[in-house]
Amino acid sequence: MNNEFKNSTLVIVCGPGENNGKIYRNVLGIIVERDPYYKDYLVRFQDGTEDWFLPRYIRKLCKRKKEKSNEG
């Protein structure tokens, strides 16, 4: 099975955590690891806390590409 998110990937979390049931809305975090049995992800946030999330509550952070300008 392939991982949707690689370790140390910057992600946005929108949903309930499994440890304490806290609901996160658009919070930045980093993927620490994936549980192979339950298929959920451990995410570490900027304040140092960690929580487990199902993949449906995690989104990749999109980076915009710079457009080339054709100025004379």
Side-chain angles (χ1 to χ4, degrees):
M1 299 206 102
N2 294 336
N3 286 347
E4 252 182 274
F5 307 100
K6 303 291 183 196
N7 290 350
S8 70
T9 302
L10 193 62
V11 294
I12 298 175
V13 178
C14 297
E18 294 181 10
N19 285 348
N20 57 6
K22 181 179 175 182
I23 296 178
Y24 297 87
R25 298 197 190 275
N26 298 328
V27 181
L28 286 175
I30 297 175
I31 299 290
V32 177
E33 67 177 303
R34 177 180 179 254
D35 186 352
Y37 184 76
Y38 292 106
K39 297 179 177 59
D40 53 356
Y41 292 89
L42 180 63
V43 177
R44 180 178 298 134
F45 299 105
Q46 293 177 347
D47 61 356
T49 60
E50 295 180 345
D51 208 347
W52 291 93
F53 294 93
L54 294 174
R56 64 179 171 215
Y57 300 126
I58 301 173
R59 295 182 299 186
K60 288 184 181 178
L61 187 65
C62 297
K63 294 184 179 179
R64 295 183 182 178
K65 295 181 180 178
K66 292 183 180 179
E67 293 182 14
K68 294 181 181 177
S69 63
N70 293 332
E71 295 180 16

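These values consider heavy atoms only, across backbone and side chains, with no hydrogens, waters or symmetry-generated copies.
A heavy-atom distance below 4.5 Å is not found between the side chains of V27 and Q46. Residues I58 and I31 form a side-chain contact, since some pair of their non-hydrogen atoms from C-beta on lies under 4.5 Å apart. For the pair Y41/V11, no side-chain contact is recorded, criterion being any heavy-atom separation below 4.5 Å from C-beta on. Using a 4.5 Å cut-off on side-chain heavy atoms (C-beta onward), R59 and C14 make contact.
Residue L42 belongs to a hydrophobic cluster whose other members are V32, W52, with links defined by side-chain heavy atoms closer than 4.5 Å. Other cluster members for I30: L10, I12, L28, L61, joined by side-chain heavy-atom distances under 4.5 Å among Ile, Leu, Val, Met, Phe, Trp and Tyr.
Identified under the salt bridge (charged side-chain N to carboxylate O under 4.0 Å, His left out) test for residues 46-56, with sequence neighbours left out: R44-E50.
Taking all atoms of both residues into account, the shortest heavy-atom contact from K39 to P36 is NZ-O, 3.7 Å. G15 approaches Y57 most closely through the heavy-atom pair CA-CD2, 3.8 Å.
Every residue meeting the side-chain contact (heavy atoms from CB on, under 4.5 Å) condition with K22, not counting sequence neighbours, appears here in chain and number order: N20, Y24. Listed by chain and number, the residues in a side-chain contact (heavy atoms from CB on, under 4.5 Å) with Y37 are D35 (sequence neighbours excluded).
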